[in-house]
Engineer: 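Sharing a structure with you now.
Below, each value reflects all heavy atoms present in this structure, side chains not excepted, and no hydrogens, waters or symmetry copies.
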Amino acid sequence: MNVRELNKLSREFRTNSSRYLATKYGTEQQDLKRFLLFIENTPLIMDYINECIGEEIDFEEIIQQKGWNEKFNLPLESKEEVSYVYQLLKYIDKTGNFVGIIMGYGSGRKIQDHLDAFNHQVVIHLINHIREYIEDTIYGIEPLKPEFVESSDPKIFISYCWEDKLFADLIDEDFKKLGFTLTRDERDLRFKESIKSFMESIGKHDFVISIISDNYLKSVNCMYEISEVMRLREYKDKMLLIILNESDINLLPDSVLKPKNFSANIYEVVSHIEYIKFWEGEERNLAEKISMISEDVNKIQPLNELKRIQSIKSNISDFLADISDWNNTNLSELKASNYSAFIDEIQSIKNV
């Protein structure tokens, strides 16, 4: 398909998905069938869904085991979520048991309330994944502007918390002098349309320099970035870690307001427990706040944020255990050696 055809498909999908999300009780089964028919008659979308489906899900057994008002436990990983929601819709289409499935999602007595809530808490995720896939496909075949044409130089992303910007600026300037341009969200936000999409692009870089600080380990955005890298099998080969310690404050000029409490202690189990407790608390606090929202439609974005926090909570222990075993160094030592350990790693791929 060319760009024009893809743009047309994108508009048609938005129209069909919006029509389905606006379905009314009494026509929901017919509208679902129409929505699924559109998907299955569109090879690009169906190929994407088939790529996501790893195994057949037995919803008959899942429904028997869950309570009447209990919600479905959606997977955290994107492809698994696509597979799960699509197969659930196929199950509903096959059995015609729409009402039995959606009860418990809404807070009112009307079936329409539960229907709307189910669509905006479950089906919306499948719709958003398909939309992103179509948009990424369009982006992938559009001619790139000159400034986005890839060079043969290693692509290096620097991941840092905004509170540690002064350290990132220092490293950025040092790498410029060494002949490398680092990718960072502050300067390169235009690279893609959203911060989320841009952060996903770090997986396409050859290396990721991560400035690990106390701020970093408590930041949703930073830990989301690192989880994108960790999804790759070769993520350990990509990561170049800088563990900030108290002595690194001396590298900053006296003219700037120097940060406090930035040092990260990743080498003690007690510190690991504190970070795990932090993310468990973040999940609990946000879940409590979401439960106070009366309108289900207003819960959509907070629930997406909750899923990100739950993913971080699930990965933080393994992440800390991994990086504490690596041969890490602090910024002072790296700068004193003119980043020789990092440069050796980066130059190795140019010599392949």
Side-chain angles (χ1 to χ4, degrees), residues 17-18 20-25 28 32 59 62-63 65-78 80-82 84-85 88-89 92 98-129 131-132 161-163 194-197 199-200 214-228 261 273-317 319:
S17 58
S18 296
Y20 170 73
L21 290 175
T23 188
K24 300 299 180 185
Y25 174 57
E28 73 282 356
L32 172 60
F59 282 104
I62 291 174
I63 291 169
Q65 292 178 355
K66 83 178 190 72
W68 172 252
N69 286 330
E70 185 180 346
K71 298 179 180 181
F72 291 95
N73 186 22
L74 299 184
L76 294 174
E77 202 277 324
S78 298
E80 291 178 3
E81 189 172 53
V82 169
Y84 192 99
V85 178
L88 176 57
L89 293 181
I92 295 172
F98 220 130
V99 175
I101 296 293
I102 65 174
M103 295 307 292
Y105 276 89
S107 56
R109 295 183 178 181
K110 295 180 180 179
I111 294 177
Q112 184 67 48
D113 294 337
H114 295 269
L115 176 60
D116 291 339
F118 173 79
N119 283 335
H120 286 90
Q121 292 179 38
V122 178
V123 184
I124 191 66
H125 297 300
L126 174 64
I127 290 172
N128 286 339
H129 285 309
R131 282 178 179 172
E132 290 179 2
C161 184
W162 181 254
E163 287 85 349
S194 69
I195 292 176
K196 176 179 179 295
S197 297
M199 288 194 296
E200 288 173 348
D214 183 68
N215 296 318
Y216 187 102
L217 294 172
K218 293 178 179 178
S219 164
V220 174
N221 288 337
C222 293
M223 294 307 294
Y224 175 80
E225 285 183 351
I226 212 71
S227 67
E228 287 297 301
N261 302 323
I273 293 172
E274 289 301 316
Y275 287 118
I276 293 169
K277 287 170 56 181
F278 172 82
W279 285 109
E280 287 179 345
E282 291 293 290
E283 178 192 25
R284 183 169 54 252
N285 292 338
L286 183 55
E288 289 176 357
K289 287 182 172 61
I290 291 172
S291 69
M292 298 176 186
I293 300 174
S294 57
E295 295 292 334
D296 290 319
V297 69
N298 293 327
K299 295 182 180 180
I300 297 173
Q301 291 306 320
L303 285 169
N304 286 337
E305 184 72 0
L306 181 61
K307 287 183 66 177
R308 293 174 70 191
I309 290 175
Q310 289 170 335
S311 178
I312 293 168
K313 184 199 70 173
S314 299
N315 291 321
I316 184 69
S317 180
F319 173 69

Engineer: Take S78 and E132 through the test side chain to side chain contact (heavy atoms under 4.5 Å, CB included) and record every step on the way to the result.
Structural biologist: CA-CA 11 Å; S78 298; E132 290 179 2; over 6 Å; no
Engineer: Closest approach of S311 and L76, non-hydrogen atoms and distance?
Structural biologist: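 Nearest heavy atoms, S311 then L76: CA-CD1, 4.1 Å.
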Engineer: Working to the nearest 0.5 angstrom, can you tell me the gap between I111 CD1 and I102 CD1?
Structural biologist: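 Between atom CD1 of I111 and atom CD1 of I102 there are 6.5 Å.
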Engineer: S314 side chain to Q310 main-chain N or O, any donor-acceptor pair under 3.5 Å?
Structural biologist: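 Side chain of S314 to backbone of Q310: a pair is present.
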Engineer: Counting only N and O atoms by type, is there a donor-acceptor contact under 3.5 Å from the side chain of Q112 to the main-chain atoms of T23?
Structural biologist: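 Yes, because the side chain of Q112 sits within donor-acceptor range (under 3.5 Å) of the backbone of T23.
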Engineer: Could you walk me through whether L115 and F98 pass side chain to side chain contact (heavy atoms under 4.5 Å, CB included), step by step?
Structural biologist: CA-CA 8 Å; L115 176 60; F98 220 130; 3.6 Å; yes
Engineer: Hey, mind stepping through N119 and Y20 against side chain to side chain donor-acceptor pair (under 3.5 Å) and telling me if it holds?
Structural biologist: CA-CA 9 Å; N119 283 335; Y20 170 73; 2.8 Å; yes
Engineer: So do D116 and Y25 actually touch side chain to side chain, heavy atoms under 4.5 Å?
Structural biologist: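 Sidechains of D116 and Y25: no contact.
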Engineer: Going from CD on E283 to CG on L306, what distance comes out if it is rounded to the nearest 0.5 angstrom?
Structural biologist: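 That separation rounds to 6.0 Å.
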Engineer: May I ask you to test the K218-I312 pair for a side-chain heavy-atom distance under 4.5 Å?
Structural biologist: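 No, their side chains stay 4.5 Å or more apart.
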Engineer: Quick one: pull up CD1 in I276 and CD1 in I316 and give me the separation to the nearest 0.5 Å.
Structural biologist: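 Spacing of CD1 (I276) from CD1 (I316) equals 7.5 Å.
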Engineer: Do V123 and L88 have side chains that get closer than 4.5 Å, going by heavy atoms?
Structural biologist: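 No; the side chains remain at least 4.5 Å from each other.
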Engineer: Is there a donor-acceptor pair closer than 3.5 Å between any side-chain N or O of E295 and the backbone N or O of N298?
Structural biologist: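 Here the side-chain-to-backbone pair does not exist.
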Engineer: Could you tell me if the side chain of N215 sits less than 4.5 Å from the side chain of S219, heavy atoms only?
Structural biologist: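 No; the side chains remain at least 4.5 Å from each other.
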Engineer: Go through K277 and E274 one step at a time and tell me if the salt bridge (Lys or Arg N to Asp or Glu O under 4.0 Å) criterion holds.
Structural biologist: CA-CA 5 Å; K277 287 170 56 181; E274 289 301 316; 3.8 Å; yes
Engineer: Run the side chain to side chain contact (heavy atoms under 4.5 Å, CB included) check on N304 and H125 step by step: do they pass?
Structural biologist: CA-CA 9 Å; N304 286 337; H125 297 300; 3.0 Å; yes
Engineer: Which heavy atom of D214 sits nearest a heavy atom of Y275, and at what distance?
Structural biologist: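 Shortest heavy-atom contact: OD1-OH, 2.8 Å.
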Engineer: Parallel, tilted or perpendicular: which fits the ring planes of F72 and Y105, with parallel below 30° and perpendicular above 60°?
Structural biologist: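 Answer is parallel, since the angle falls under 30°.
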Engineer: Start with the C-alpha distance between I290 and L303, add both sets of side-chain angles, then the distance that settles side chain to side chain contact (heavy atoms under 4.5 Å, CB included), and finish with yes or no.
Structural biologist: CA-CA 7 Å; I290 291 172; L303 285 169; 4.1 Å; yes
Engineer: Which heavy atom in R131 sits nearest to a heavy atom in S17, and how many Å separate them?
Structural biologist: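 Scanning both residues completely, I find the closest heavy atoms to be NH2-OG, 3.5 Å.
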Engineer: Quick one: OG on S18 to CD1 on I127, what's the gap to the nearest 0.5 Å?
Structural biologist: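 Those atoms lie 7.5 Å apart.
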Engineer: When rounded to the nearest 0.5 angstrom, what is the spacing between CD in E77 and NZ in K307?
Structural biologist: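 The distance works out to 10.0 Å.
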Engineer: Would you compute the distance between atom CZ of R308 and atom CG of L286 and round it to the nearest 0.5 angstrom?
Structural biologist: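 Taking CZ in R308 and CG in L286, the distance rounds to 11.5 Å.
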Engineer: Do I309 and M223 have side-chain heavy atoms sitting under 4.5 Å apart?
Structural biologist: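 No, every pair of side-chain atoms sits at 4.5 Å or beyond.
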